[in-house]
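All remarks here apply to the structure that follows.
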Amino acid sequence: MNSSSTPAWFTQGLGHIWLPYAQMKTMAAPLPVVRTYGSRLVLADGRELVDGVASWWTACHGYNHPRIAQALRQQLDTLPHVMFGGLAHEPAFELARRLTELLGPGLDRVFYSDSGSVAVEVAMKMAVQYWLNQGERGRSHFLVFKGGYHGDTFGTMAVCDPEEGMHTLFQGLLAQHHCADLPRDDDSFAGLDAFLAQNSHQFAGILVEPLVQGAGGMLLHEPQVLRRLRTLADRYQLPLIFDEIFTGFGRTGSMFAFEQAGVRPDIITLSKALTGGTLPLAATVASSHIFNAFWSDDTAHALMHGPTFMANAMACTTALASLDLFEAEPRLEQAAAVSRALVAGLAPCKDLDWVRDVRVLGAIGVVELKQLADKERLRQRFVQAGVWVRPFGTTVYLTPALNISIEDLHTLTEAVVGVLRAERP
Ligand SMILES: *Cc1c(COP(=O)(O)O)cnc(C)c1O
C-alpha cells in the first residue's frame with residue numbers, strides 16, 4: 001500500500017487501537033478495508049481481495065446481502081433496541097420460535113447474549129445450576145476435549161484445550177476441568193466410560209464442538225464420536241452441550257453439525273453465522289429437561305444472567321433475514337458445491353512435501369503444514385495473489401461464504417496451491 005492511498009483515519013487511529021491476538025510491536029499493519037460486497041473486500045488503495053475467511057466464518061451469505069440490509073434498515077427505523085428485562089419485542093420472540101423449530105424437538109428455550117464466549121458461559125451456568133436447583137452440590141467440573149476452543153473469557157478459557165490456550169499464562173485463575181481425548185475408537189470410549197463410572201458425580205456436563213474443532217486447529221472427527229458422547233451423557237445423566245458456534249448454519253454441509261450424527265444435545269450454543277455476519281448475536285438453546293430444573297416457585301432457582309444488549313432487535317431481525325435466506329436460496333446445495341470444489345481445488349496440496357494433511361468437511365477446507373515458521377510472510381503472499389487467507393497455527397484454511405461464486409472459489413484454491421508451492425521451505 002503506498003502512503004498516498006493510506007486513509008487519514010488509519011494513520012491517525014493506528015496509535016490508539018489494540019488489535020486481537022497480535023503482538024502490536026512487531027505485527028504487520030492491518031489492511032484498511034473501505035467496502036465489502038459478495039465475497040470481496042475492497043481495500044483503501046482500490047485492490048480487491050477474494051475473502052477466504054468470511055470474517056471468521058460469520059458472513060455465510062457473503063457481505064451486504066440486500067435482504068439482510070433491507071430488514072436491518074426497517075428495524076432501525078421502528079425499534080433498534082430496548083432492554084430485554086421486562087420488555088418483549090417481535091424479532092426476539094419470532095427468532096426464538098424459528099430457531100427452536102429449526103433445531104427440532106427437544107431444544108426449545110432460547111436465551112440470548114451478544115457473543116459466542118458468553119453463550120458458552122451461559123450454557124455452563126445452566127448446566128451447573130441445573131444440578132444446584134435439584135439440590136445436588138459439588139458438580140462444578142466439565143468434561144471437555146483436547147483440541148477444543150470455546151472462547152476467550154475466563155470461564156471459557158478454562159474449557160479450551162490447555163495446550164492450545166492461555167492456561168499457563170493464567171494459571172491459578174482458571175477453573176479446573178477435565179480435558180480428555182475425544183473417544184475416536186472403542187478403546188478410548190471404554191477408557192472414558194471407566195473414568196466417568198468413578199468420577200461422574202464431579203461433573204456438571206460434557207462440552208464439545210461437534211464434527212469440527214475450529215479455532216483449536218480445524219480438527220475433524222467422525223459422527224460416531226458424538227454418538228459415543230451421547231451414550232456416555234445418557235449413562236451418567238450429564239447434560240451434553242454442543243458448541244455449534246463455528247459449525248452451525250450450514251458450515252459443515254448440514255444446517256447443524258449434530259444432524260449428521262443423528263444425536264441431539266441437551267444445550268446448544270449458536271453465534272458466528274447466526275446473523276449472517278452483520279451484527280453480533282448469540283443464543284444458548286436448552287431442552288425442556290434442562291429448563292424444567294429452573295421452573296419453580298423459588299426465585300433462587302431462576303437463571304441469573306442478562307447481558308445488557310441481549311436480544312438486540314436489529315441483530316434478531318438480521319438473524320431472521322438470514323434464516324429466510326437459508327429457505328429462499330439453495331444455501332445447503334451451494335455449500336455442497338463449495339465442498340466439492342474445495343476437495344478438487346486443494347487436492348494438489350497433497351503432493352507438496354511440507355503438507356501434512358488436506359481435509360475438507362462441508363464448506364471448510366484445511367491444509368495442515370508440517371511446520372509454519374512465518375505466517376505473516378504467507379499472509380502477504382496471499383494478499384499479493386488477491387485473496388484474504390489468514391493462516392493460524394500450522395494450518396491454512398478456507399471458510400468462504402456458502403454462496404461464493406465458483407470463479408472466486410477457484411481463485412482461492414489456486415492461490416493456496418500456488419503460494420504453498422512457491423513458499424515451501
Ligand atoms: C468463535 C467461537 C467461540 C467464541 O465466540 P466469540 O463470539 O468470539 O466470543 C466459541 N466457540 C466456538 C466453537 C467458536 O468458534
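Both ligands and their constituent atoms are indexed starting at 1 by order of listing. When a residue number appears, it is its place in the shown sequence, counting from 1.
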Residues 204-242 vs ring-ring contact (aromatic ring centres under 6.0 Å, His included), sequence neighbours excluded, gives none

inquiry  = When you measure from the centre of the six-membered ring of F203, is the NZ or CZ of R139 closer than 6.0 Å and no more than 45° off the axis?
reply    = no

Q.
Is any side-chain heavy atom of L279 closer than 4.5 Å to one of L72?
A. yes

Using heavy atoms and a strict 4.0 Å limit, residues surrounding ligand 1 turn out to be W57, S115, G116, S117, Y149, H150, G151, E209, D243, I245, F246, K272

Measure centre to centre between the rings of H177 and F142, then say whether the value is under 6.0 Å. yes

- Query: Going by heavy atoms in the side chains, are V366 and V358 under 4.5 Å from each other?
  - Reply: no

Check: Would you call the rings of H61 and H65 parallel, tilted or perpendicular, where under 30° means parallel and over 60° means perpendicular?
Finding: perpendicular

